[in-house]
Amino acid sequence: MAEAPLRILVVDDQALVRSGFVMMLSVEPDINVVGEAADGAESVEAANRLAPDVVLMDVEMPRLNGIDACRSIVAAGTAKVLLLTTFDRDDYLFEGLAAGASGFLLKNTSPEELADAIRTVGRGYALLAPEVTRRVIERSTATPTPAPDRTLEQLTPRELEVLTLVGKGLSNAEIAQQLVLGESTVKTHLSSVLAKLQLRDRVQAVVRAYESGLVLPGE
């Protein structure tokens, strides 16, 4: 039995931009745009009413910006949020991640990359554009060599291996191949890592791997 299409709410204060996103996504058979909103306040109400799987959210909007709207939607457990902006700014990036966004893309993303990003977030994975990933790594490694992270002592050797490979950007399938494990076993180890370190998702795991020195720039 085929999975139901992902339900998407498109949020942008520019009607032409919203229409463009809706048009791009309408050709994807596994994606169903269930609503639109013109600002953050409308998006919170629409998310509560429509129960989408993913909210495609602009950052700069009137009344309530996308980051504050994201925080409300994530706190309510209504939907996952994929932030989309023309502005490649560190403050947006880190505020958005702190607000609970599952992904962050720039508006120069191609239609194919946008659809794939929605699928990734809809399946419960976190996603960052390559440009954004570099910003996270640069911010996390801008300080001198970090002091030993004592919280990592609660991880098993295998869990440390998994966290290190996640930090290097490997997928679960790639980690499974490298460690000669089943992919379901990798998922179990990663879930344990997230729980023990109180991390929300894979993005936070990548940041922790760099902050703790498990992974160094250029690796």
Side-chain angles (χ1 to χ4, degrees), residues 2-37 40 43 47 52-61 65-67 69-70 73-74 79-140 165-175 183 190 200-207 210:
E3 294 184 4
L6 288 169
R7 295 167 54 82
I8 310 303
L9 172 64
V10 176
V11 185
D12 197 293
D13 62 323
Q14 299 182 50
L16 191 59
V17 174
R18 287 201 312 275
S19 298
F21 286 140
V22 172
M23 188 177 301
M24 283 191 294
L25 297 174
S26 65
V27 301
E28 304 293 337
D30 57 342
I31 293 175
N32 180 23
V33 177
V34 296
E36 302 177 35
S43 76
D53 298 302
V54 179
V55 178
L56 183 62
M57 179 86 75
D58 187 25
V59 171
E60 284 206 341
M61 293 183 294
N65 65 49
I67 291 172
C70 170
I73 291 170
V74 171
K80 298 177 178 65
V81 177
L82 176 59
L83 291 174
L84 196 63
T85 180
T86 56
F87 303 97
D88 188 8
R89 286 175 43 174
D90 284 354
D91 55 345
Y92 286 162
L93 165 59
F94 290 97
E95 288 175 19
L97 295 178
S102 294
F104 200 112
L105 292 176
L106 302 180
K107 283 187 178 178
N108 61 6
T109 300
S110 70
E112 294 78 13
E113 290 171 331
L114 177 60
D116 285 342
I118 288 172
R119 294 184 186 102
T120 298
V121 170
R123 294 186 188 114
Y125 296 101
L127 176 140
L128 291 178
E131 304 95 325
V132 175
T133 301
R134 285 194 291 273
R135 291 296 182 91
V136 171
I137 292 169
E138 288 167 2
R139 173 72 69 89
S140 300
L165 294 176
V166 167
K168 292 181 177 181
L170 273 65
S171 66
N172 287 350
E174 291 168 333
I175 295 172
E183 192 169 346
L190 180 56
R200 186 181 63 246
D201 52 37
R202 202 180 193 93
V203 172
Q204 290 194 340
V206 171
V207 174
Y210 276 89

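If you're wondering where the values come from, they're calculated on a predicted model, not measured in any experiment. Values reported hereafter were calculated over all heavy atoms of this structure, with side chains retained and with hydrogens, waters and symmetry mates removed.
Screening residues 106-119 for salt bridge (charged side-chain N to carboxylate O under 4.0 Å, His left out), with sequence neighbours left out, gives D12-K107, E28-R119, D30-R119, D58-K107, D116-R119. The side-chain hydrogen bond (donor to acceptor under 3.5 Å, both in side chains) pairs that include a residue from residues 16-27 are R18-E36, where partners are two or more places apart or lie in different chains.
Smallest separation of non-hydrogen atoms from V27 and M24: CG2-O, 3.2 Å. Across all their heavy atoms, I67 and G96 have their closest contact at CD1-N, 4.1 Å. Residues V34 and P52 come closest through the heavy atom pair CG2-CB, 4.3 Å. Between D53 and P5, the shortest heavy-atom distance links the atoms OD2-O, 4.1 Å. Summarising the geometry of S43 relative to V11, their closest heavy-atom pair is CB-CG2, 3.5 Å, with the distance given to 0.1 Å. Minimum heavy-atom separation, G122 to L6: CA-CD2, 4.0 Å.
Judged as a side-chain contact (heavy atoms from CB on, under 4.5 Å), and not counting sequence neighbours, the contacts of A101 are C70, L83. Every residue meeting the side-chain contact (heavy atoms from CB on, under 4.5 Å) condition with V54, not counting sequence neighbours, appears here in chain and number order: I8, L82, V121. With sequence neighbours left out, the side-chain hydrogen bond (donor to acceptor under 3.5 Å, both in side chains) criterion links D13 to no other residue. Residues satisfying the side-chain hydrogen bond (donor to acceptor under 3.5 Å, both in side chains) test with R202, not counting sequence neighbours, are N172.
Between F21 and L114, the closest side-chain pair of non-hydrogen atoms falls below 4.5 Å. Considering only heavy atoms from C-beta on, V59 stays 4.5 Å or farther from N65 through its side chain.
Atom CG of L9 and atom CG of L56 lie 8.5 Å apart (nearest 0.5 Å). One distance of note links CZ of R123 with NZ of K80; it measures 12.0 Å at 0.5 Å rounding.
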